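Naming convention: chains lettered A, B, ... in sequence-line order (proteins, then strands); numbering from 1 in each chain. Quick caveat, the model's predicted, so the values are computed rather than measured. These numbers come from the heavy atoms of this one structure, side chains and all, not from hydrogens, waters or symmetry mates.
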Amino acid sequence: MRRAGRCGGGVANKRISVVSLYTRFRQSLDTVLDQLVAAGTLPADADRAGITVEPPRDPSHGDLATNAAMVLAKPARTSPRVLAEAIAAGLTAIADVEAADIAGPGFINLRLAPTVWAEELRTIAQEREDYGRSGIGAGKTVNIEYVSANPTGPMHMGHCRGAVVGDALADLLAFAGHKVVREYYVNDAGGQVDTLARSAHLRYREALGEDIGEIPEGLYPGDYLVPVGKLLADAYGDRYVAAPVAEWLAEFRTRTVAAMMDMIRADLALLGIRHDVFASEAELQAAGKPDDAEAWLRARDLVYDGVLEAPKGETPEDWEPVELPLFRSSRFGDDQDRPIKKSNGSWTYFGADLAYHYQKAQSADELIDIWGADHAGTVKRIKAAVAALTEEKTRFDVKLVQMVRLLRAGEPIKMSKRSGNFVTLADVVGEVGKDVVRFTMLTRKADAQMDFDFAKVVEASRDNPVWYVQYAHARIASLHRKIGELGIALTTPDLARLNEAELAVVGLAAQFPRIVESAAVSREPHRIAFYLGDLAAAFHALWNMGNDDPALRMIVEADPVLTATRLFLADQIGQVIRNGLKLMGVEAAEELN
RNA sequence: GCGCCCGUAGCUCAGUCGGAUAGAGCAUCGGAUUCCUAAUCCGGAGGCCACAGGUUCGAAUCCUGUCGGGCGCACCA
C-alpha cells in the first residue's frame with residue numbers, strides 16, 4: 001500500500017531571486033545597527049530577534065515601522081527615544097527612505113519614496129506566480145499527515161475540513177521553501193477492517209444471488225460495498241460462500257481495503273488532493289516496527305510492564321486491573337502512562353501509531369499531524385512518544401480541526417451513521433464545486449467551529465468572501481476584454497501617474513510575501529483567505545471610485561497611458577490574488593455567471 | 001473529578017512569534033444611486049477584548065487563579 005515515489009506536491013520547490021520588501025528593509029536596518037555597534041552606541045551582543053519591520057496599523061504613520069529602538073534600549077542602557085534618534089538618522093541615509101520619524105514610545109516610522117511601490121509592482125510582474133515565494137523553510141523537510149480516514153467507506157464531510165486544511169498547509173509550506181511530504185496513514189489493521197471484510201462477504205453472497213435481508217447490527221450497511229461484493233464474486237466465484245471465516249477473512253480484508261482506498265483517493269481527487277505516501281498500518285506491523293520501537297524504549301526504561309489506573313470519573317462496571325506494557329508518557333507531560341499492547345497481545349492503536357511516527361521522523365526534520373478535534377484527548381500521548389523517540393529533536397505539531405456543521409436554509413442537516421445516511425464529500429463537491437468547498441473551509445481558524453451553509457457559500461454578495469475574491473479577479477480579467485472591444489491602443493505604463501489610493505493598494509499587495517511567511521510559520525493557512533478578502537475589498541473600493549468620478553475609472557478611453565498604467569496595476573493585483581488562491585488550491589475565475 | 005480547545009461590537013469572526021487610537025462583514029442608523037465598470041456605493045454609531053491578579057518600557061496576545069461554553073477521559077480506531 002505504501003507508495004515509494006515522493007513528488008514535491010502541487011507547488012514545486014524553487015529558489016527565489018528577490019527578497020521581499022520587508023526583508024530588504026530589515027537588512028538595511030541591520031546595517032544601520034552594525035554602524036551603531038561600531039560607533040559604540042550599541043553592544044555587539046544585543047539580541048535582535050525581537051526586532052520587526054512591518055506596516056504600521058495606521059497608514060498615516062507612514063509606510064514602514066520598526067520597534068528596534070524599544071527592543072534595544074535596555075541592552076544599550078539608554079531610553080528608547082534617544083536610541084531612536086540615532087537609528088532614525090542612519091535610516092534617513094537610505095536612498096528609498098524619504099523620512100524617518102519617531103513616534104509614541106519609540107517607534108520609528110519610515111515614509112518611502114513612491115518609486116518604491118512602483119518598483120514593487122514591477123517585481124510582481126517579473127516574478128509572476130513566484131511572487132511571495134519564500135526561503136524560510138529552505139533545507140527543511142516537513143512531513144504532513146492529513147486525512148487518514150479509516151478505509152471503511154467513502155469520505156464524508158467530517159473528513160473534508162482536515163483534508164483541505166492539510167493540503168493547503170502543505171502547499172503553503174512548500175511555497176515557503178520547505179520540502180514537503182504529504183502522507184496518509186491507512187488504518188488497515190484493527191478490528192474495524194475485519195468488520196469491513198465481513199460486511200463485504202455479505203455483499204459477496206448477495207452478488208451471487210443470495211437474499212441477505214437486513215444488514216445485521218455491527219456490520220457496515222452502506223451500499224458502497226455492493227460493487228465490492230460483485231468484484232469478489234467475479235474473483236472467487238462461490239468458493240467462499242460457505243467456507244469458514246478464517247479461510248477468506250485475510251483475502252477479503254485486503255481486497256476490500258484496497259477498494260475502499262481507491263474510492264477515497266477518487267474522493268480526494270475531487271478536491272484536488274493527492275498524497276505522496278500511503279503508509280499501511282498492517283505493513284508497519286508486519287515489518288515489526290512496533291516491536292523495534294518497544295525494544296528501543298524498553299532499553300531506556302520508557303516502556304515497562306505495569307497496571308493501568310482506573311479511568312477517571314465514572315469507573316466502568318467491567319473494569320479490571322491488568323498488567324500491560326506501558327509507555328511512560330507521563331514523563332513527557334501526559335496525565336498517565338499509556339498501554340502499547342492489549343491484553344490479547346496485539347498492538348493498541350497507540351502502540352502502532354507511536355512506531356509510525358518514529359518511522360516518519362527518520363526522514364523528516366519536522367512532523368505535522370492534522371486531526372479531528374474528537375481526538376484531542378490523545379494528543380499528549382503521541383507528542384510524548386515523539387519527544388521520547390526523537391529525543392526531543394524533532395518539531396512535532398498536532399493541528400486539531402474542529403467539526404463543520406452542515407446547514408441547509410439555516411437548518412442543521414441531520415445525519416445518522418447507523419443508517420449510513422451521512423453527507424458524503426462527493427455530494428457536497430458535486431453540489432457547490434471544489435473551489436467553494438476549499439475556500440470556505442479556510443475562512444475560519446482550524447480550531448474554531450464552523451458552519452457550512454449550502455445557500456450562503458454560493459451566494460453572490462459582499463458577505464460571501466469566496467464570491468467576493470473571485471469577483472475581484474473576474475473584474476480584472478474583464479478589463480482586457482473591455483479594452484479589446486473598445487480598441488484602445490495600449491502604451492507603456494507610466495507608474496508615476498499612480499494616485500495615492502492606488503499606491504495604497506500596491507502597499508497591501510506588497511504584504512503578500514510576509515503574509516505567506518507568517519502563515520507558514522504559524523501553520524495557519526486561513527490567513528491567506530482573510531488576506532485575499534482584504535485585498536479584494538481594497539481593489540473593489542478602488543474600482544468603485546470610478547462610479548462617482550469617471551476620471552478614476554480603470555479605463556479612461558481618452559488617456560491610453562493612464563489606462564495602460566491602471567491596467568498594469570490591476571493585473572498585478574490579479575496576480576497576487578491568483579497566487580493566494582493557488583495556495584488554497586482554488587482556481588481563479590476569469591468570469592462569473 | 002481530570003485534561004484539551006475556546007470566551008473580542010447586537011450576530012458571525014479577524015487580530016502579525018507582546019506594539020501606537022483593538023479591526024472587518026452582517027444587522028442598525030444617516031446619506032447617495034436606477035447606474036450596466038452588473039450582481040449597489042459612501043459614511044456614522046456601536047468595546048471594561050469574560051473576570052481578578054502577575055510578568056515589562058508596553059498585554060486581547062505570555063503566566064496564575066476564578067467564572068462561563070464546547071470536546072474528550074480504560075486494552076476502541
Quiz prompt | Nucleotide-resolved protein contact map, nucleotides 5-21 of chain B, B/S/- at heavy-atom distance under 4.0 Å | solution = SS-----SSSSBB-BB-
Quiz item: Reading nucleotides 28-42 of chain B 5' to 3', which nucleotides get B (base under 4.0 Å from a protein heavy atom), which S (sugar-phosphate only), which -?
Solution: ---------BSB-S-
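Separation of atoms CH2 (A:Trp467) and CZ (A:Phe439) is listed at 12.5 Å; rounding is to 0.5 Å.
Side-chain N/O atoms of A:His540 and A:Arg462 include no donor and acceptor closer than 3.5 Å. Between the side chains of A:Glu183 and A:Tyr356, at least one donor N or O sits under 3.5 Å from an acceptor N or O. When only modelled atom types and interatomic distance are considered, A:Thr152 and A:Asn150 share no side-chain donor-acceptor pair under 3.5 Å. In summary, the side chains of A:Asp369 and A:Tyr146 do not present any donor paired with an acceptor at a separation below 3.5 Å, with no hydrogens or angles considered.
For the pair A:Arg338 and A:Phe350, the NZ or CZ position fails the cation-pi test of under 6.0 Å to the six-membered ring centre and within 45 degrees of the ring normal.
Here B:C2 sits opposite B:G72 as a Watson-Crick or G-U wobble pair (both hydrogen-bonding atom distances under 3.5 Å). Across all strands shown, B:G44 is found opposite B:U28 as a Watson-Crick or G-U wobble partner, with both distances under 3.5 Å. When Watson-Crick and G-U wobble pairs are counted only if both distances are under 3.5 Å, B:A39 pairs with no nucleotide at all. Pair assignment for B:C67 gives B:G7, based on Watson-Crick or G-U wobble hydrogen-bonding distances that are each under 3.5 Å. For B:U34, there is no paired base (Watson-Crick or G-U wobble, both distances below 3.5 Å).
For the pair A:Lys342 and B:A77, the criterion of a side-chain N or O lying under 4.0 Å from OP1 or OP2 is met. Side-chain nitrogen and oxygen atoms of A:Lys74 include at least one within less than 4.0 Å of the OP1 or OP2 phosphate oxygen of B:C57. A sub-4.0 Å separation between OP1 or OP2 of B:C4 and a side-chain N or O of A:Lys380 is present.
Looking at heavy-atom distances under 4.0 Å, A:Val379 makes no contact with the nucleic acid at all.
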Exercise. Assess whether side chain to side chain donor-acceptor pair (under 3.5 Å) is satisfied between A:His480 and A:Asp571, documenting all intermediate values.
Key: CA-CA 9 Å; A:His480 290 271; A:Asp571 278 342; 2.7 Å; yes
Quiz prompt | Worked check of side chain to side chain donor-acceptor pair (under 3.5 Å) between A:Ser330 and A:Gln336 | solution = CA-CA 5 Å; A:Ser330 59; A:Gln336 56 174 276; over 6 Å; no
